[in-house]
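Here the structure is laid out as structure tokens; the discussion comes afterwards.
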Amino acid sequence: MSKSDTILKLLQGCNSLQRLQKIHAHVITNGLQHHPAISTKLVHFCAVSVSGSLSYAQLLFHHIDNPQTQAWNSIIRGFANSPSPLQSILYYNDMFSSLVSRPDIFTFSFVLKACERVKAENKCREVHGTIIRCGYERDVVVCTNLVRSYVGNGFIGVAKKVFDDMSERDLVSWNSMISCYSQAGFHYEALKVYDEMKNENVGLDGFTLVGLLSSCTHVGALNVGVNLHRIACEEGFVKNVYVGNALIDMYAKCGCLDDAFCVFDSMQKRDVFTWNSMIVGYGVHGHGDGAISFFRQMLMAGVQPNSITFLGLLCGCSHQGLVEEGVEYFHMMSTKFNLKPGIKHYGCMVDLFGRAGKLEKALDMIGTSPSQDDPVLWRTLLGSCKIHKNVKIGEIAMRNLVQLGASNAGDYILLAAIYAGAKDTDGIAKMRKLIKSQGIKTTPGWSWIEVGDQIHKFVVDDKSHPDFVEIYHKLREVISQAALLGYVPEESLISVAGLITEECLETSTSYHSEKLAIAFGLAKTPKGTSIRIVKNLRVCKDCHSFTKYVSKAFNREIIVRDRVRFHHFKGGVCSCKDYW
DNA sequence: ATAGGGTTAG
């Protein structure tokens with residue numbers, strides 16, 4: 001056996017970097033460092049193996065005179081998955097300019113991965129062109145990577161076009177399209193892809209279910225989610241931890257904590273996601289005590305909490321007014337679990353103190369946070385000042401928002417409400433002027449409701465729905481029924497002051513999106529069933545009062561998920577106890 | 001030698 005054969009054989013069985021370095025020394029003493037097969041193998045091992053070393057691979061690679069595709073692929077692949085994927089693209093460029101070796105389908109798969117991770121949008125397009133020129137645009141894997149890379153770079157439309165034009169799509173391609181849409185926040189599109197998929201007989205698996213369930217969670221599509229749950233049971237995917245976790249989250253965020261618990265209870269394997277989904281679920285429903293109970297069980301089960309665990313806990317504590325507990329968990333993060341509180345945790349703490357009326361403490365909290373220049377913290381404080389009608393600290397919060405250049409019309413409206421509560425007409429006038437000078441720019445409000453497996457979206461005074469005449473007719477009826485029980489359309493504090501709230505922006509006599517959604521729900525769903533609404537903003541005071549009366553007048557449970565928490569309306573009262 | 005897919009928070 002020749003020396004080079006012996007070394008190649010040694011390399012075959014090599015499984016550690018240490019051992020590899022020994023072999024490498026052997027290569028050098030035998031003068032074989034320019035042996036192409038050997039150096040290529042060495043590079044491959046160092047770049048790809050978990051026990052390898054990318055910098056060592058680089059060193060070896062640069063000693064190869066005319067690296068062949070194989071060696072290029074190894075180095076491009078290694079960097080594509082590394083913390084510095086840009087390097088991968090640079091090597092790809094070098095490969096092109098070297099003119100010695102040509103990229104193959106594997107090269108493209110690797111470099112596309114790098115483009116996806118590095119956000120190299122132009123490179124992504126360029127690589128696409130090269131793929132076509134090289135005649136690889138019919139390869140399923142390459143195209144799937146292209147789709148992912150385009151979505152990762154924000155070209156959602158181009159990605160879908162590539163996907164639609166693929167000559168062949170397998171289950172992974174479909175799953176990629178779904179999960180990419182879902183991760184990019186295109187939830188309706190993700191669910192629509194599933195409809196297309198059903199006609200193609202590719203089946204589905206755990207990956208499909210996870211992507212779809214995540215989208216259901218985000219848009220509150222409970223019926224679709226329940227259907228997926230049934231499919232998961234029928235096809236044997238419920239034992240998959242990812243699927244179980246996604247189901248728990250879906251049920252919890254759709255307002256069905258009991259169903260979330262059922263899934264949780266039936267799981268044989270639970271990981272940190274499983275526990276977090278329960279804790280966060282209880283937290284956003286305002287059940288701090290429930291979140292705490294799951295946290296204790298989690299520790300007993302020997303699962304390490306992470307920063308999200310504490311977000312759920314703190315959120316629950318703040319909504320339930322568990323100040324002491326919240327403080328305790330906040331400290332516990334760093335002292336017992338070596339987790340550094342992030343900006344979100346500070347946000348929860350500001351909310352915890354602020355909501356409880358401890359505004360000075362909330363202010364101190366911002367002072368000790370690592371990012372006092374985060375507008376979110378000041379805005380949270382401002383919100384608390386509105387609840388507790390505190391002009392002094394409200395003005396401090398506003399001053400900071402202005403200094404940060406982050407103040408917006410919504411903030412002025414909040415402060416105006418605080419002034420209005422204090423009957424400070426000068427203050428109101430000042431805010432009115434500021435709003436006028438800035439122009440009102442706020443997020444338009446939406447509400448979604450699911451009826452059957454269709455999701456219907458409404459905006460303020462929406463007339464785009466095909467059944468809008470019927471919906472408006474129903475809404476007028478609902479309003480008069482509610483009025484019989486005592487509902488008085490409430491002009492908000494602010495409109496009295498000649499201003500309008502964020503939610504009331506469009507017109508003062510407006511039908512807010514959730515009123516339309518509720519009327520639609522009452523008209524389209526069977527008597528006695530509960531109605532679930534998801535909206536992107538907070539509920540306004542008038543709609544909150546309206547919904548309470550409606551829940552009584554029509555004997556319906558109405559569950560509204562707003563931007564921050566859940567409201568369960570039943571028999572004329574709301575689970576938030578009018579405190580939100 | 002070698003490729004592509006998943007959940008919480010934001």
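Every chain is numbered from 1 and lettered A, B, ... according to where its sequence line falls, protein lines coming before strand lines.
Side-chain atoms of A/Asp170 come within donor-acceptor range of the base of B/dG4, with a qualifying N/O pair under 3.5 Å. A donor N or O paired with an acceptor N or O is found under 3.5 Å between the base of B/dG6 and the side-chain atoms of A/Asn240.
With centres under 5.5 Å and a plane angle under 30°, the ring of A/Tyr242 is stacked against the base of B/dG6. Stacking of A/Phe273 onto the six-membered ring of B/dT8 is not present when judged by under 5.5 angstrom between centres and under 30° between planes.
More than 12 heavy atoms of other residues, nucleotides or ligands sit less than 6.0 Å from atom NZ of A/Lys119.
For the atom pair A/Thr6 OG1 and A/Leu11 CG, the distance stands at 11.0 Å (nearest 0.5 Å).
For the side-chain hydrogen bond (donor to acceptor under 3.5 Å, both in side chains) condition, no pair includes a residue of residues 333-350 of chain A, sequence neighbours left out. Counting only residues at least two apart or on different chains, the side-chain hydrogen bond (donor to acceptor under 3.5 Å, both in side chains) pairs with a member in residues 233-244 of chain A are A/Arg230-A/Glu234.
Between the P atom of B/dG6 and the CG atom of A/Asn276 lies a distance of 19 Å, rounded to the nearest Å. Rounded to whole Å, atom P of B/dA9 lies 13 Å from atom CD1 of A/Ile279. For the pair A/Leu212 CG and B/dT7 P, the interatomic distance rounds to 12 Å; values are reported in whole Å.
Contacts of A/Ser173 with the nucleic acid, taken as non-hydrogen atoms under 4.0 Å apart, include base atoms.
Listed candidates were B/dT2, B/dG4, B/dT8. Nearest to the side chain of A/His218 is B/dT8.
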